[in-house]
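Take a look at the structure below.
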Amino acid sequence: MPTDIPTDPTGPAADGAPVDALTELFEEHRPMLLGVAYRMLGRATDAEDVVQEAWLRWTAEDRAAVREPRAFLVRITTRLAIDRLRLAHTRRETYVGPWLPEPVVTDFGPAAPDTAERALLADSVSLAVLVVLESLSPLERAVFVLREAFGFPYGEIATALDRSEAAVRQLAGRARRHVDEGRPRYDVDPAERRDLTDRFLAAAAGGDLGELLALLAPDVRLVGDSGGKAKAPLRVIETADKVGRFLHAVAGDENFRYERRIVELNGAPALVAFVGGRPDTVIQIEARDGRVQTVHIIRNPDKFHGLKDA
């Protein structure tokens, strides 16, 4: 989730500190700030805007008053994200059809040195979990993201949100219960999921209804997000028969003849179809017990900001 941070290596900040020195310190924390903002908002573009605003406040802050830069930056970013999240909830009341998060390319690299930690990071940014987080209040979502995804101490979260530690612990417990209740239980083995993704996409593109139905769980769901700006189901399609027949009916659609790539999005493999070099469709599955449990299809062109270089 890259963002460009403007710098003036010769100019001072508000407190007289060299801007290049402030930029270096900010850049050190930028990936984490973007991660917090994206998990809070579900949109890479909004996350970049929030981090940009945090940068402006960072350069304008009295340096003598900032004893812990990391804590200061997390506090500012979280509060800005909460404000934007409240506005976003109002906009989504008029959203056309189902809403899904804006997909982003994920590459955890050295941030996930072992399989367990990588799985935790992937889960915290998965489409399924981000959809569940939409049902939390802004404060609950902030606490959940800071605690569960980044492991911040309760005391530090309390300071960031200007709440008591006891209140933060209550918010965390409530948010965790809600997420656990709404979080789908999916397989997390990357190799198995990639293999199932390949077989599912091949069956869908090949128009083999029997093979496709064999890969779908009986209670499979298909969620399409177009925002009313492209062709996609305006309601969730449920059951293997209905999902299979829908995919079979569109198997001859020209989208399947476009340039296609398998890219890791939100911690899992996904198909990205390109038209004229631009992303047009994203298809990603969730799996359980070796069968497809959920199919996510994103066609809203406003949500492909982070896929231009995929």
Side-chain angles (χ1 to χ4, degrees), residues 42 92 94-104 126-128 130-132 134 184-187 192-266 268-307 310:
R92 286 172 195 163
T94 60
Y95 195 81
V96 178
W99 179 92
L100 290 172
E102 180 180 335
V104 294
S126 70
L127 295 183
L130 291 177
V131 167
V132 176
E134 281 292 298
R185 299 302 177 185
Y186 295 133
D187 294 335
E192 181 180 350
R193 188 170 182 179
R194 173 59 185 260
D195 176 67
L196 184 58
T197 297
D198 290 341
R199 289 189 288 130
F200 166 76
L201 293 172
D208 188 330
L209 181 58
E211 184 177 353
L212 186 60
L213 289 173
L215 296 173
L216 301 177
D219 57 346
V220 63
R221 302 169 73 248
L222 185 148
V223 184
D225 179 347
S226 69
K229 299 182 179 182
K231 290 184 178 180
L234 294 179
R235 292 182 176 83
V236 175
I237 300 176
E238 299 179 306
T239 76
D241 182 67
K242 291 181 180 179
V243 170
R245 293 187 182 282
F246 171 82
L247 292 171
H248 183 259
V250 301
D253 189 278
E254 57 185 2
N255 279 309
F256 285 101
R257 298 193 293 273
Y258 292 155
E259 177 190 358
R260 302 188 303 273
R261 304 176 203 166
I262 298 295
V263 181
E264 182 176 299
L265 302 179
N266 296 77
L271 177 141
V272 182
F274 293 82
V275 178
R278 297 181 179 180
D280 177 84
T281 304
V282 168
I283 301 176
Q284 188 179 69
I285 66 167
E286 301 286 353
R288 184 174 65 202
D289 300 327
R291 303 179 83 177
V292 177
Q293 190 69 39
T294 305
V295 182
H296 291 128
I297 299 179
I298 302 175
R299 301 211 63 217
N300 186 342
D302 295 340
K303 296 192 173 183
F304 297 147
H305 173 77
L307 305 184

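The side-chain heavy atoms of Leu213 and Arg245, taken from C-beta on, include no pair separated by under 4.5 Å.
Within the model, atoms CG of Leu100 and NZ of Lys303 stand 6.0 Å from one another, a figure rounded to the nearest 0.5 Å. Here Glu238 contributes atom CD and Thr294 contributes atom OG1; the two are 10.0 Å apart, rounded to the nearest 0.5 Å. The CD atom of Glu192 sits 9.0 Å away from the CG atom of Asp289 when rounded to the nearest 0.5 Å. Rounded to the nearest 0.5 angstrom, Asn300 CG and Asp225 CG are separated by 5.5 Å. Going from atom CD of Gln284 over to atom CZ of Arg193 covers 5.0 Å, rounded to the nearest 0.5 Å. Separating the CG atom in Leu265 from the NE2 atom in His296 is a distance of 12.5 Å, to the nearest 0.5 Å.
For Ile298 against Pro103, the heavy-atom pair with the smallest separation is CD1-CD, 3.8 Å. Heavy-atom minimum distance, Phe246 versus Pro233: CZ-CG, 3.5 Å.
For the side-chain contact (heavy atoms from CB on, under 4.5 Å) test with Val292, the passing option among Thr197, Leu212, Val243, Leu196 is Leu196; the others fail. None of Ile283, Leu222, Ile237, Leu209 except one satisfies the side-chain contact (heavy atoms from CB on, under 4.5 Å) rule with Leu247; the exception is Leu222.
One finds a salt bridge joining Glu259 and Arg261 here, because a Lys/Arg side-chain nitrogen approaches an Asp/Glu carboxylate oxygen to under 4.0 Å.
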Step by step, would you call Val131 with Val223 a side-chain contact (heavy atoms from CB on, under 4.5 Å)?
CA-CA 11 Å; Val131 167; Val223 184; over 6 Å; no
For Thr239 and Val220, run side-chain contact (heavy atoms from CB on, under 4.5 Å): C-alpha distance rounded to whole Å, both residues' side-chain angles, the deciding distance at 0.1 Å, then the answer.
CA-CA 5 Å; Thr239 76; Val220 63; 5.9 Å; no
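At distances below 3.5 Å, at least one donor-acceptor pair connects side-chain atoms of Arg291 with backbone N or O atoms of Leu216.
Remark: the Thr281 side chain and the Arg299 side chain contain an N/O donor-acceptor pair separated by less than 3.5 Å.
Heavy atoms from other residues, nucleotides or ligands lying under 6.0 Å from CZ of Arg199 number more than 12.
Relative to the six-membered ring of Phe304, Arg278 misses at least one condition, a distance below 6.0 Å or an angle of at most 45° to the axis.
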